[in-house]
There are 2 protein chains.
Amino acid sequence: MKDVIENKLKLRSVKPTAMRLLVLQCLMEQNRALSLNELEALFENADKSTIFRTLKTFQENYLVHRINDGSGAIKYALCDDDCICSLEDNHIHFLCTKCEKTYCLKDTPITTPSLPNGFRANFANYLIEGICSTCT
Amino acid sequence: MKDVIENKLKLRSVKPTAMRLLVLQCLMEQNRALSLNELEALFENADKSTIFRTLKTFQENYLVHRINDGSGAIKYALCDDDCICSLEDNHIHFLCTKCEKTYCLKDTPITTPSLPNGFRANFANYLIEGICSTCT
DNA sequence: TAAACTTTGCAATGGCATTGCACTCCTTAA
DNA sequence: TTAAGGAGTGCAATGCCATTGCAAAGTTTA
Ligand SMILES: [Mn+2]
Ligand SMILES: [Mn+2]
Ligand SMILES: [Zn+2]
Ligand SMILES: [Zn+2]
């Protein structure tokens, strides 16, 4: 386990501090998008701003992407190893209104819409709200 | 002009107060999604909470829909006359990163994605960021 | 006309993101 | 080996935005 986590950091040239290993592990285990508060609650003793800066470092190095799911708090989810957070890496995010969990639907294909003349897309955020499979 | 605005309110059984007429007129004229702060700035003398409650009333009566464009502030845009803010009324919203304006792309069709087994959609927010036609 | 209800203004409050500053820890070069 | 420099962390603000309590002002109704 630990090897995998440390490897992910090395792959992105991020130094493996204790906090970084913990946060990364959490994100891998939970397999969903987590907010700063959720992460803070999972550790209990870590400072929120440290986690914030950890996530910031992760973003800057394409380890996580941030998701605006309309819940009021930004969620963070693991990137794939080959992710460069471009339009091509974009995928649907699903917020379950029952369990409040947000998932990356990386296997659900999106057909790129053809925008009106003159509009050019750089980034997309496709958020779907509903009931997830475990809450059905 | 005024008739059209008052009619929109009557259609939704919302009493036409001064503030409501003004806000509705603004939203019609601007033809884009506006934030609370933007609306407040357009009047200069109106109270923010009054505008907030005006917009809340509008939402509850399907006169406007709220848009989370990731800018930090919620945007509000006019609904069509027959809108009931269901999944079918959903459309793409476009945030221009240059002029910071958010538009409703009601004529850009979206193909509904087929979600994984057990997932059911109730609401969608499809946000695309880029450069708009007037900023190109 | 007075009571009842609605709308408005003003002043909090609360949540979340972000940052300044000092302290600790680690790395590095003399 | 040790001191300096840099990176990471904790704590305590700050700022922005959404939302609400409360009292005043305006409207409607009996
Ligand atoms: Mn994702
Ligand atoms: Mn819209
Ligand atoms: Zn669920
Ligand atoms: Zn623009």
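In this text the structure is predicted, and so the values were computed from the model without any measurement. In what follows, chains carry the letters A, B, and so on, assigned in the order in which the sequence lines appear, proteins first and then strands, with residues in each chain numbered from 1.
Look at CD on B/Glu38: it is 11 Å from P on D/dA18, rounded to the nearest Å. Between the NZ atom of B/Lys75 and the P atom of D/dA18 there is a distance of 11 Å, rounded to whole Å. Atom pair B/Phe43:CZ and C/dG9:P shows a separation of 11 Å (rounding to whole Å applied). Atom CZ in B/Arg66 sits about 10 Å away from atom C1' in D/dT19, given to the nearest Å. To the nearest angstrom, C1' of C/dT8 lies 14 Å from CD of B/Glu40. For B/Leu22 and C/dG9, the CG to P distance is 11 Å, given to the nearest whole Å. Following rounding to the nearest Å, A/Asn45 (CG) and D/dG10 (C1') show an atom-to-atom distance of 12 Å. Distance NZ (B/Lys48) to P (C/dC10): 14 Å, rounded to an integer number of Å.
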>> Please evaluate residues B/Leu78 and B/Phe58 with respect to the criterion side-chain contact (heavy atoms from CB on, under 4.5 Å), reporting the C-alpha separation (whole Å), side-chain torsions for both, the decisive distance (0.1 Å), and the verdict.
In response: CA-CA 9 Å; B/Leu78 261 195; B/Phe58 283 1; over 6 Å; no
> Does the side chain to side chain donor-acceptor pair (under 3.5 Å) test come out yes or no for A/Asn37 and A/Ser35, once each step is laid out?
Replying inline: CA-CA 5 Å; A/Asn37 279 328; A/Ser35 69; 5.3 Å; no
>> If you apply the rule ring pair (Phe, Tyr, Trp, His ring centres under 6.0 Å), what do you find for A/Phe119 with B/Phe94, and how did you get there?
In response: CA-CA 9 Å; A/Phe119 285 73; B/Phe94 187 93; 4.9 Å; yes
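Put simply, A/Asn37 has no side-chain N or O that comes within less than 4.0 Å of OP1 or OP2 on C/dG15.
With the nearest nucleotide of DNA chain D identified for both A/Ala46 and B/Phe52, A/Ala46 has the one nearer the 5' end. A residue-by-residue look at A/Arg53 and A/Ser35 shows that A/Ser35 has its nearest nucleotide of DNA chain C further toward the 5' end.
No hydrogens or angles were tested; on distance alone, a donor-acceptor pair under 3.5 Å links the side chain of B/Ser49 to the base of C/dC10.
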Set out, line by line, the N/O atom pairs under 3.5 Å between protein and nucleotides 4-7 of chain C.
| from | atom 1 | to | atom 2 | distance (Å) |
| --- | --- | --- | --- | --- |
| C/dT7 | OP1 | B/Arg20 | NH1 | 2.9 |
| C/dT7 | OP1 | B/Arg20 | NH2 | 3.1 |

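Cluster annotation: A/Leu87 is not connected to B/Ile92 through the hydrophobic network of ILVMFWY side chains, with a link wherever side-chain heavy atoms come within less than 4.5 Å. A single hydrophobic cluster is seen to contain both A/Ile74 and A/Phe43, as judged by linkage of ILVMFWY side chains at heavy-atom distances under 4.5 Å, directly or through other members.
With distances taken from any side-chain atom of A/Asp47 to the nucleotides C/dC16, D/dA18, D/dG10, the minimum falls on D/dG10. Nearest to the side-chain atoms of A/Ala73 among the listed nucleotides D/dT9, C/dC10, C/dA17 stands C/dA17. Set against D/dG21, C/dA17, D/dT9, the side chain of A/Leu36 has C/dA17 as its closest nucleotide.
Considering CD of B/Glu100 and CD of B/Glu38, their distance stands at 9.0 Å, rounded to 0.5 Å.
At a threshold of 4.5 Å between non-hydrogen side-chain atoms, the residues B/Asn122 and B/Arg120 count as touching.
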